[in-house]
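Below is one structure, written out as structure tokens; comments come after it.
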Amino acid sequence: MIAPDPTAFSPAEIEAETDRLLRALLPVDCVPGQPWNLERCRSIAPLTLAINRLKREKNAVLLTHSYVEPEIIYGVGDFKGDSYFLSLQARESRAAIILFAGVVFMAETAKILSPQATVVVPDRGSGCSLADSITGDGLRRLRALYPDATVVCYINSTAEVKAESDVCVTSGNVHGIIARLPARRILFVPDRLMADNVRQELKQRGIDKEIISSDGTCLVHDHFTTADIAAARARFPGLKVVAHPESPVEITAAADYTGSTGGMMRYVKSTPAPYFLMLTECGLVGRLQVEDPEKHFIGGCRLCPYMKLNSLAKVYAALAAPRPDQIITLDEDLRRRAARSLERMFELTPAT
Ligand code: 13P
Ligand code: SF4
């Protein structure tokens, strides 16, 4: 893999970068059980310096999802957050290059919203079990069975699926948007568990909707159990349990808070509690350890193998000389149709 010239920076520059990295990464482990220290930070400093220099030279912006490694988020990232926040940043970006450290559907979304930019990904294999669960053809077939339904796609879907949908949603606005749609019958793809959560929530609010869904699930959030929650509550009195709407309804019903990764971060930061159980991807715990080091997390998180394909070395390579497979390209007609469902989402999402 292409790598930066190790002599490109002076010893003083490397030491200053090492200090910056250590200050940012100190509260989070480098690998499980081993904290970041001077040596580890010094070993990545030439890479973070080279990436940050390349970004300036090439007018590139680096969007990072909260699930990627903290050295990417805090070492070289320009924007960090959940899918909704990052899609807004992509839409507003005037950068020549958008480098997306997340998964491919997020980078595709950036390309749909910023077609003038070159959008690149560190690893083209960074899929998503939800996005990969249904194709545009599959949705067309499903749609034909329910011609009167409004088709709502979760943003964790391919550009083809977005192009076949009436409106796109994220974990942060899904309830509000579906509640506001005039249609009673909703065809929701691709997350069956998120559909269950929305159905339950709208029923509790007295909103009458029929929600039909396809059968995808997230391989991270479909694995937590109520037994884990009960055991943790018994051991840690005062514990707060935090869940994502991609989880089964019995998990969200047993949690103290359910929301997008951005919502989960806001909840933890604003909630005084002795311990938190984060039923989500471990990267979010890393972000909270960095940004709110007084809080205590008792484990329980899971790794997303797709998010973990991102690395500093791949970020550098994608920026220095992207291979064709690292560049997102979309047919223009497909892009325009996919953009309609995303723009509808922005119209239906109240400004915060
Ligand atoms: P958020 O939009 O809540 O960050 O979710 C993205 C995701 O992939 C969760 O698994
Ligand atoms: Fe997809 Fe789940 Fe990974 Fe998010 S955590 S990218 S939904 S597989």
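When a residue number appears, it is its place in the shown sequence, counting from 1. Numbering of ligands and ligand atoms starts at 1, following listing order. All of these numbers come straight from a predicted model, not from anything done at the bench.
Atom 4 (O) of ligand 1 has as its closest protein heavy atom Thr261 OG1, 2.5 Å. Nearest non-hydrogen protein atom to atom 2 (Fe) of ligand 2 is Cys218 SG, 2.3 Å. Protein heavy atom closest to atom 9 (C) of ligand 1, with residue, atom name and distance, is Glu246 OE2, 3.2 Å. Atom 1 (Fe) of ligand 2 has its closest protein heavy atom at Cys128 SG, 2.4 Å. Summary of contacts: the protein heavy atom closest to atom 3 (O) of ligand 1 is Ser171 OG, 2.7 Å. In terms of protein heavy atoms, atom 6 (C) of ligand 1 is closest to Ser83 OG, 3.4 Å. The nearest heavy-atom contact from the protein to atom 5 (O) of ligand 1 is His244 NE2, 3.4 Å.
At a heavy-atom distance under 4.0 Å, no atom of Glu281 approaches ligand 1. Both the backbone and the side chain of Ser129 come within 4.0 Å of ligand 2, counting heavy atoms alone. Of all the heavy atoms of Val220, none lies under 4.0 Å from any atom of ligand 1, so neither backbone nor side chain is involved. Residue Glu246 touches ligand 2 through its side chain alone, judged by heavy-atom distances below 4.0 Å.
Other residues, nucleotides and ligands place more than 12 heavy atoms under 6.0 Å from the CZ atom of Arg184. Within a 6.0 Å sphere centred on CZ of Arg23, other residues, nucleotides and ligands contribute 12 heavy atoms or fewer. Summarising the local packing, CZ of Arg205 is surrounded by more than 12 heavy atoms from other residues, nucleotides or ligands at distances under 6.0 Å.
Of the residues listed (His244, Arg302, Lys308, His65), the one engaging Glu281 in a side chain to side chain donor-acceptor pair (under 3.5 Å) is Lys308, and it is the only one. Between Phe297 and the choices Leu277, Val268, Leu284, the side chain to side chain contact (heavy atoms under 4.5 Å, CB included) rule is met once, by Val268.
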**OP:** For Val189 and Glu164, run side-chain contact (heavy atoms from CB on, under 4.5 Å): C-alpha distance rounded to whole Å, both residues' side-chain angles, the deciding distance at 0.1 Å, then the answer.
**Re:** CA-CA 11 Å; Val189 293; Glu164 295 297 327; over 6 Å; no
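If you check the gamma sulfurs of Cys301 and Cys282, they are less than 2.5 Å from each other.
Ring to ring, Phe346 and Tyr84 are close: their centroids are under 6.0 angstrom apart.
Below 4.0 Å from some heavy atom of Leu130 lie the following atoms of ligand 2, by number and element: 7 (S). Listed by atom number, the atoms of ligand 1 under 4.0 Å from His221 heavy atoms are 10 (O). Taking every heavy atom of Asn156 and a limit of under 4.0 angstrom, the matching atoms of ligand 2 come to 7 (S). Remark: ligand 1 atoms within the under-4.0 Å shell around heavy atoms of Ser260 are 3 (O). Contact atoms of ligand 2 toward Tyr67: 5 (S) (distance under 4.0 Å to a heavy atom of the residue). Annotation for ligand 1: atoms under 4.0 Å from non-hydrogen atoms of Asn156 are 7 (C), 8 (O).
Taken from CD1 in Ile178 to CG in Leu202, the straight-line distance is 7.0 Å, to the nearest 0.5 Å. Taking CD1 from Ile72 and CG from Leu62, the interatomic distance works out to 8.0 Å, rounded to the nearest 0.5 Å. Put simply, CG on Leu63 and CG on Leu88 are 11.0 Å apart, with the number rounded to the nearest 0.5 Å.
At a cut-off of 3.5 Å, with distance as the only test, a side-chain donor of Gln116 or Ser114 sits close to an acceptor on the other residue.
Residue contacts with ligand 1 include His65, since one or more of its heavy atoms lies under 4.0 Å from the ligand.
Any N or O atom pair closer than 3.5 Å counts here, and Asp82 shares no such pair with ligand 1.
For a distance bound of 2.8 Å, the N, O or S atoms of Cys304 include one lying that close to atom 3 (Fe) of ligand 2.
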